[in-house]
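Contents: one structure, followed by commentary.
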Amino acid sequence: MRPIVFVPACTRDFGEHPYHAAQHKYVDAVVLGADCAPLIMPSLGEALDLETMLALCDGIMLTGSASNVHPSYYSEEVLDPSLPQDPARDQTTLPLIRAAVKRGVPIIAICRGFQEMNVALGGSLHQAVQAVPGHFDHRENPELGMDEQYGDAHKIQLVEGGMLHQIIGLPEIPVNSLHGQGVNELAPGLVTEATAEDGLVEAFSVGGAPGFTLAVQWHPEWRIVHNPHSMKMFGAFGDACRTYRATKRTPL
């Protein structure tokens with residue numbers, strides 16, 4: 001049996017009905033990149049039974065999303081009210097992250113998920129990176145086609161000897177860039193794994209965590225089988241999930 005990876009859902013309205021939803025590309029990345037079995041986990045907020053969920057899963061993937069983590073979680077007001085929020089996801093993923101890291105559940109986090117992890121563990125975000133002196137505009141151009149939006153936008157430098165450097169084996173790689181927010185203050189205990197050319201943190205791990213933790217600001221899930229760097233990242237995550245499944249105390 002393959003390890004079970006929970007994919008926390010976004011909450012979205014389609015027509016007049018609300019849904020728990022996850023994009024195909026994230027689910028596909030769990031299957032094709034990690035060789036694991038994905039399950040979409042509803043964002044139930046305080047109604048979520050964390051202990052039950054953590055007992056069932058062998059890994060967690062935190063996806064990207066159009067929505068942003070509400071800035072009240074890092075003691076700020078909303079800078080741009082026109083940008084979407086997802087309070088149900090915040091109320092679900094932030095406590096989930098803290099509990100999963102403590103328990104040693106393997107985690108891979110992408111874009112919003114990367115930002116969620118930083119906030120959940122005590123960090124803060126730039127709500128508009130493009131407005132911060134010295135930083136680039138990391139947003140995508142919505143007038144371009146999807147392949148162009150998700151194409152290589154800039155290079156990142158991997159910290160020599162770090163977890164990500166050991167996985168990929170190169171000092172720098174090109175990545176896409178589709179985010180308006182980014183790390184301001186890194187949470188205590190987080191370890192920078194890669195930075196953009198303007199110094200913005202692009203990847204981190206959780207120092208001293210009992211399990212695999214890797215968070216990245218870009219989108220490695222996009223056309224994953226065509227990107228060897230992404231396949232290595234998800235392969236390492238999948239291996240961690242298999243190890244965790246084999247050694248965890250709570251059987252399925």
Side-chain angles (χ1 to χ4, degrees), residues 23 25-26 29 62-71 73-86 108-160 162-165 167-187 190-205 214-224 226-230 232-233:
Q23 292 182 17
K25 60 191 173 85
Y26 297 111
L62 301 164
T63 70
S65 177
S67 67
N68 295 305
V69 180
H70 198 280
Y73 288 102
Y74 49 96
S75 304
E76 291 187 14
E77 300 292 331
V78 174
L79 182 65
D80 184 353
S82 71
L83 296 178
Q85 305 288 335
D86 190 342
I108 191 165
I110 296 168
C111 200
R112 188 199 208 268
F114 163 95
Q115 296 165 11
E116 284 173 330
M117 280 197 71
N118 186 47
V119 172
L121 299 175
S124 65
L125 303 176
H126 293 302
Q127 293 189 53
V129 172
Q130 69 278 2
V132 179
H135 284 306
F136 305 150
D137 189 340
H138 287 255
R139 296 172 297 179
E140 74 276 19
N141 183 349
E143 296 181 0
L144 298 177
M146 294 297 287
D147 283 336
E148 292 176 288
Q149 288 185 38
Y150 280 89
D152 293 342
H154 61 78
K155 292 181 180 180
I156 60 169
Q157 288 71 48
L158 279 58
V159 175
E160 184 175 1
M163 174 186 178
L164 187 58
H165 181 248
I167 291 171
I168 293 178
L170 294 171
E172 66 176 27
I173 60 171
V175 297
N176 51 40
S177 188
L178 299 94
H179 61 101
Q181 303 201 341
V183 167
N184 179 7
E185 293 183 359
L186 204 60
L190 298 188
V191 178
T192 299
E193 296 287 344
T195 56
E197 294 161 307
D198 62 354
L200 192 69
V201 176
E202 286 276 342
F204 63 75
S205 58
L214 179 62
V216 301
Q217 181 62 85
W218 69 96
H219 286 268
E221 83 287 353
W222 178 256
R223 301 196 184 283
I224 185 171
H226 301 292
N227 189 317
H229 307 317
S230 299
K232 287 180 179 180
M233 289 169 47

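- To the nearest 0.5 Å, atom CG of residue Asn227 and atom CD1 of residue Ile173 are 7.5 Å apart.
- With sequence neighbours excluded, the residues forming a ring-ring contact (aromatic ring centres under 6.0 Å, His included) with His179 are His138, listed by chain and number.
- Within the 4.5 Å cutoff, the side chain of His229 has heavy atoms near those of the Leu170 side chain.
- Sorted by first and then second residue, the pairs that involve residues 126-135 and meet side-chain hydrogen bond (donor to acceptor under 3.5 Å, both in side chains), not counting sequence neighbours, are Glu76-Gln127, His135-Asp198.
- Residue pairs meeting the side-chain hydrogen bond (donor to acceptor under 3.5 Å, both in side chains) criterion with at least one partner in residues 110-120, sequence neighbours excluded, are Ser67-Arg112, Arg89-Glu116, Asp90-Arg112, Thr93-Glu116, Arg112-Glu116, Gln115-Gln217.
- Atom CD of residue Glu193 and atom CE of residue Met163 lie 6.5 Å apart, to the nearest 0.5 angstrom.
- Of the inter-residue distances, the one linking Asp86 atom CG with Asn68 atom CG reads 10.5 Å to the nearest 0.5 angstrom.
- Partners of Asp152 under the salt bridge (Lys or Arg N to Asp or Glu O under 4.0 Å) rule, at least two apart in sequence or in another chain, do not exist in this structure.
- Side-chain contact check for Met233 versus Leu164: some heavy-atom pair is nearer than 4.5 Å.
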*Chi angles and distances behind the side chain to side chain contact (heavy atoms under 4.5 Å, CB included) call for Gln157, Glu197*: CA-CA 7 Å; Gln157 288 71 48; Glu197 294 161 307; 3.9 Å; yes

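- Considering only heavy atoms from C-beta on, Phe204 comes within 4.5 Å of Phe114 through its side chain.
- Of all the heavy atoms in Leu79 and Ala128, the pair that sits closest is CD2-CB, 3.9 Å.
- Using a 4.5 Å cut-off on side-chain heavy atoms (C-beta onward), Ile110 and Thr63 make no contact.
- Inter-residue side-chain proximity for Thr195 and Glu202 is flagged as unmet; no heavy-atom pair is nearer than 4.5 Å.
- Not counting sequence neighbours, Asp80 has no partner by the salt bridge (Lys or Arg N to Asp or Glu O under 4.0 Å) test.
- Considering every non-hydrogen atom in both Ala196 and Ile156, the closest pair reads CA-CG2, 4.2 Å.
- Here the closest heavy-atom approach between residue Ala109 and residue Met117 is recorded as CB-SD, 3.7 Å.
- Inter-residue side-chain proximity for Ile168 and Leu158 is flagged as met; some heavy-atom pair is nearer than 4.5 Å.
- By the 4.5 Å heavy-atom criterion applied to side chains, Thr192 and Leu190 are not counted as neighbours.
- Distance CE/Met146 to CZ/Arg223: 9.0 Å, rounded to 0.5 Å.
- Using a 4.5 Å heavy-atom cutoff, the side chains of Ser177 and His154 are in contact.
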*After noting the C-alpha distance and the side-chain angles of Arg139 and Leu178, does the key distance pass the side chain to side chain contact (heavy atoms under 4.5 Å, CB included) rule?*
CA-CA 5 Å; Arg139 296 172 297 179; Leu178 299 94; over 6 Å; no

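- Scanning for ring-ring contact (aromatic ring centres under 6.0 Å, His included) contacts around Tyr150 gives His219, Trp222, with sequence neighbours left out.
- Closest of all the heavy-atom pairs between Cys111 and Gly64 is CB-CA, 3.9 Å.
- A pairwise comparison of heavy atoms in Ser230 and Ile224 identifies CB-CG1, 3.9 Å as the closest pair.
- Between Pro84 and Ala66, the closest heavy-atom pair is CG-O, 3.2 Å.
- Side chain of Ser124 to backbone of Glu185: a donor-acceptor contact under 3.5 angstrom is found.
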